[in-house]
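Structure, as structure tokens:
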Protein chains: 2
Amino acid sequence: MSSDGLGSCGIKQGMEGKENQHLEPSQVKVEEPPGGSISQQDSVSEWLPYSYMAMIQFTINSTERKHMTLKIIYTWIKAHFPYFKHMAKPGWKNSIRRNLSLHDMFVRETSAKGKVSFWTIHLSANQYFTLDQVSEQQK
Amino acid sequence: MSSDGLGSCGIKQGMEGKENQHLEPSQVKVEEPPGGSISQQDSVSEWLPYSYMAMIQFTINSTERKHMTLKIIYTWIKAHFPYFKHMAKPGWKNSIRRNLSLHDMFVRETSAKGKVSFWTIHLSANQYFTLDQVSEQQK
DNA sequence: TAAATGTTTATAAACATTTCC
DNA sequence: TTGGAAATGTTTATAAACATT
Ligand SMILES: [Mg+2]
Ligand SMILES: [Mg+2]
């Protein structure tokens with residue numbers, strides 16, 4: 001029982017609406033690769049791989065200075081989780097912004113000259129989790 | 001501009017689903033009173049009258065000891081807001097529980113003998129708003 | 001003025017814990 | 001007393017309204 005709160009979030013995406021609960025197989029498997037069955041990569045990308053809170057921690061902690069603009073957070077997450085290239089709902093950026101605001105651990109700071117704002121992780125809350133660390137634990 | 005965060009929440013209920021966006025008038029006005037047009041009371045009850053956070057504050061602050069069990073919170077809210085007699089979605093109790101957990105201002109305490117748990121408002125956060133006070137301001 | 005960014009609330013749901021029958 | 005059902009409690013996702021930059 002890991003208690004770091006960074007496990008996979010377990011919520012299946014893409015067919016949660018009432019109108020989609022009885023999809024035909026043809027509607028489920030779109031663009032199956034010609035090679036054969038669906039790859040592990042694609043299978044995994046059907047799921048939100050971690051909570052947004054966890055993914056934002058991985059993202060910000062991936063940099064030396066532990067701070068990042070919103071735009072770069074979007075970019076990093078899309079680059080590191082296949083889910084956001086194919087399956088993510090259009091609201092995923094909304095969800096990231098909502099998590100940044102909601103959780104006290106994420107703190108917005110403004111650059112010395114003003115203008116640019118960076119998201120950081122509250123010092124006393126940061127356990128410096130990174131995606132590499134957590135992926136390692138799952139082996 | 002009131003800044004107490006207790007204003008009406010402004011979210012219209014009952015036809016937000018895609019499948020309900022173009023209701024016929026006959027579906028909108030059910031059980032119109034024989035007297036004529038819809039009464040002010042009924043009109044108001046179509047709307048969530050305050051945020052759940054505000055309503056829970058009114059509820060707990062209505063008692064001398066400023067604490068209340070979940071069951072009584074349900075009862076008080078249903079008794080004081082017509083919305084919860086007619087229009088509320090089935091998930092309204094879920095929303096109350098979620099708000100109690102989510103907001104730090106609501107604190108669960110256990111009775112001396114154990115067993116019963118009461119919800120209270122964090123002392124430093126309680127502004128002792130009551131429904132009467134806020135209704136008065138709207139006149 | 002428009003788009004991007006930031007904040008807050010509602011709703012549904014998964015899941016855990018506690019209490020009741 | 002105990003086992004299962006119901007109630008209670010916690011957390012996350014998603015959509016949306018709205019404010020600010
Ligand atoms: Mg924050
Ligand atoms: Mg609380």
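Convention: sequence-line order gives letters A, B, ...; per-chain numbering from 1.
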Query raised in the report: Any side-chain N or O of Trp92(A) less than 4.0 Å from the OP1 or OP2 oxygen of dA15(D)?
Result: no
**Report entry** Earlier contact from the 5' end, DNA chain D, for Leu102(A) and Asn94(A)
**Finding:** Leu102(A)
Query raised in the report: Is the distance from OP1 or OP2 of dG9(D) to the nearest side-chain N or O of Ser117(B) less than 4.0 Å?
Result: yes
Requested in this report: Between dA10(C), dG6(C), dG9(D), spot the one nearest the side chain of Tyr52(B), thanks.
Outcome: dA10(C)
Query - Lys89(A) NZ - dA13(D) P separation (whole Å) - result: 12 Å
Query raised in the report: For dT11(D), does either OP1 or OP2 sit under 4.0 Å from a side-chain N or O belonging to Ser51(A)?
Result: no
Report summary line: Lys93(B) atom NZ is separated from dA6(D) atom C1', nearest whole Å, by 12 Å
Report task. Verify the contact: side-chain N or O of Lys71(A) to OP1 or OP2 of dA4(C), cut-off strictly under 4.0 Å; return yes or no. Result -> no
Report summary line: The answer to which of His103(A) and Lys115(A) contacts DNA chain D further toward the 5' end, by nearest nucleotide, is His103(A)
Query raised in the report: Below 6.0 angstrom between ring centroids: does that apply to Tyr50(A) and Phe58(A)?
Result: yes
Query raised in the report: What is the distance, rounded to the nearest whole Å, between atom CZ of Phe106(A) and atom P of dT7(C)?
Result: 13 Å
Query raised in the report: When you check the phosphate oxygens OP1 and OP2 of dG9(D), does a side-chain N or O of Ser101(B) lie under 4.0 Å from one of them?
Result: no
Query raised in the report: Under a 3.5 Å cut-off for both distances, is dG3(D) Watson-Crick or wobble paired, and to whom?
Result: dC21(C)
Report summary line: If pairing means Watson-Crick or G-U wobble with both distances under 3.5 Å, then the partner of dC18(D) is dG6(C)
Query raised in the report: Quick one: do the Tyr74(A) and Arg97(A) side chains pair a donor with an acceptor below 3.5 Å?
Result: yes
Query raised in the report: Leu48(A) CG to dA15(D) C1': how many Å, rounded?
Result: 15 Å
Query raised in the report: Between Ser62(B) and Trp76(B), do the side chains contain an N or O donor and an N or O acceptor separated by less than 3.5 Å?
Result: yes
Report task. May I have the distance from Phe118(B) (atom CZ) to dT19(C) (atom C1'), rounded to whole angstrom? Result -> 15 Å
Query raised in the report: Base, sugar-phosphate alone, or nothing: which one does Tyr74(A) contact when heavy atoms must sit under 4.0 Å apart?
Result: sugar-phosphate
Query - Spacing of Gln57(B) atom CD and Asn99(B) atom CG [to the nearest 0.5 Å] - result: 10.5 Å
Report task. To the nearest Å, give me how far apart CG (Asp104(B)) and P (dT11(D)) are. Result -> 10 Å
Report task. Examine dT5(C): is either OP1 or OP2 under 4.0 Å from a nitrogen or oxygen in the side chain of Trp119(A)? Give yes or no. Result -> no
Query raised in the report: So, for Leu70(B) and Leu100(B), which heavy atoms are closest and what is the spacing to 0.1 Å?
Result: CD1-CD1, 3.7 Å
Requested in this report: Quickly work out the Arg97(A) CZ to dA17(D) C1' distance and round it to whole Å.
Outcome: 12 Å
Report task. Would you please indicate yes or no on a ring centroid separation below 6.0 angstrom for Tyr83(A) and Trp47(A)? Result -> no
Query raised in the report: Do the side chain of Asn99(A) and the base of dA13(D) come within less than 3.5 angstrom through a donor-acceptor pair of N or O atoms?
Result: no
Report task. Give a yes or no on whether a donor-acceptor pair under 3.5 Å exists between the nucleobase atoms of dT12(D), that is its base, and the side chain of Arg98(B). Result -> yes
Report summary line: In whole angstroms, the gap separating P of dG9(D) from CD of Glu109(B) amounts to 13 Å
